[in-house]
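So the structure is just underneath, and the comments pick up after that.
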Amino acid sequence: MNIALIHGQGHKGITCTMSHAVLKYLMKEDAQLKEFFLPKDGPAFCVGCNLCFVKGENNCPEAEKVQPIALAMEWADIIILDTPNYVMDMSGAMKNLLDHLAYRWVTHRPHGSMFSKVGIVVSSSAGAPPNGILKSLAKKLKWMCVPKVYRFPLISQAMGVKDLSPAKKGEIEKKARRIAQKASKASRHPRTTLRAKLLFQLFRKMQKGEASAWNPVDQNWWKEQGWLDKTLPWKG
């Protein structure tokens, strides 16, 4: 099992602790991990130059930072994204990374491996529910064609790991174990959801039409994968 873990913050606080709790149950003898801490391991802000779309992702001014993370996500069986609640949303560093990965959305150049991956999104907050953040993170993964995404929220009632009550520590362990078990099982028997298939078929039709001729980089990607013929990026 290959795991890519991307932290939306640099400090090892409650949210990082939650992800590592999940990791503890996923890291079996054959498991391999690639871990990134943003913003240190991530790119500078996306400036909207569109080079990733119209010339290819390696032409992004930040490709040297973006591509190691993108390739780790393509390599992984399970992708974990985490971020604390920053003013009722994900961290700026995490949002910035996801902006840079827009070229991998199904609307542009989805990677075929994504259709069989599992995602886990993790977020904590001292008081306000982090469910909206997890919904947004899950949406980003699903538009990159990850069919199954598990959500791990926590209202910590604490400012840091040292302030966590025994009850909250127990809650983290219980949820982490359950999510890890589900994700591990799903990664062994990947199934592409109907939603992912429908999105793919919709944008395959668009890539065949003249409306997408403005971007030959996208169209050529679909042609190279064989997706404009009968080839599909999933089995069965």
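- Lys117 places a side-chain N or O within 3.5 Å of a backbone atom of Glu74 that can act as its donor or acceptor partner.
- Considering only residues two or more places apart in sequence or on other chains, Ser116 meets the side chain to side chain contact (heavy atoms under 4.5 Å, CB included) condition with Pro190.
- Shortest non-hydrogen contact noted between Glu35 and Leu33 is OE1-CD2, 3.9 Å.
- Applying the side-chain hydrogen bond (donor to acceptor under 3.5 Å, both in side chains) rule to pairs touching residues 158-170 yields Lys168-Glu171, sequence neighbours excluded.
- For the side chain to side chain contact (heavy atoms under 4.5 Å, CB included) test, residues two or more places apart in sequence or in another chain that qualify with Cys52 are Tyr103.
- Legend: salt bridge (Lys or Arg N to Asp or Glu O under 4.0 Å) pairs involving residues 76-85, not counting sequence neighbours: none detected.
- Between the side chain of Arg204 and the backbone N or O of Trp227 there is at least one donor-acceptor pair closer than 3.5 Å.
- When atom types are taken as modelled, the side chain of Ser187 and the backbone of Ser184 share a donor-acceptor pair closer than 3.5 angstrom.
- Taken from CG in Leu164 to OG1 in Thr17, the straight-line distance is 7.0 Å, to the nearest 0.5 Å.
- Take His7 and apply the ring-ring contact (aromatic ring centres under 6.0 Å, His included) test, not counting sequence neighbours, and it matches His20, Phe37.
- Every pair tested for salt bridge (Lys or Arg N to Asp or Glu O under 4.0 Å) that includes a residue from residues 120-146 fails, sequence neighbours excluded, so the list is empty.
- In this structure, Arg195 and Leu198 have side chains that are not in contact, with every pair of non-hydrogen atoms separated by 4.5 Å or more.
- Ser91 contributes no side-chain N or O that, together with a main-chain N or O of Gln9, makes up a donor-acceptor pair within less than 3.5 Å.
- To the nearest 0.5 Å, atom CG of residue Leu141 and atom CD1 of residue Ile80 are 11.0 Å apart.
- Here ring-ring contact (aromatic ring centres under 6.0 Å, His included) pairs that include residues 115-164, with residues two or more places apart or in two chains, are Trp105-Trp143, Phe115-Phe200, Phe115-Trp234.
- No option in Lys34, Gln32, Met27 other than Met27 meets the side-chain contact (heavy atoms from CB on, under 4.5 Å) test with Ile3.
- Here Phe203 pairs with nothing under the ring-ring contact (aromatic ring centres under 6.0 Å, His included) rule; sequence neighbours left out.
- By the side chain to side chain contact (heavy atoms under 4.5 Å, CB included) test, Ala44 is found to be paired with Glu62, residues two or more places apart in sequence or in another chain being considered.
- Taken from CD in Gln157 to OG in Ser125, the straight-line distance is 10.0 Å, to the nearest 0.5 Å.
- The heavy-atom pair separating Val22 from Ile120 by the smallest distance is CG1-CD1, 3.9 Å.
- Pro39 pairs by the side chain to side chain contact (heavy atoms under 4.5 Å, CB included) definition with Ala93, not counting sequence neighbours.
- Counting only residues at least two apart or on different chains, the side-chain hydrogen bond (donor to acceptor under 3.5 Å, both in side chains) pairs with a member in residues 37-60 are Glu57-Arg109.
- Side-chain heavy atoms closer than 4.5 Å link hydrophobic residues (I, L, V, M, F, W, Y) into clusters, and following such links, possibly through other members, connects Val118 to Leu5.
- A 4.5 Å side-chain heavy-atom check between Met144 and Ile79 finds every atom pair outside the cut-off.
- For residues 89-103, the set of pairs meeting the salt bridge (Lys or Arg N to Asp or Glu O under 4.0 Å) definition, not counting sequence neighbours, comprises Lys95-Asp99.
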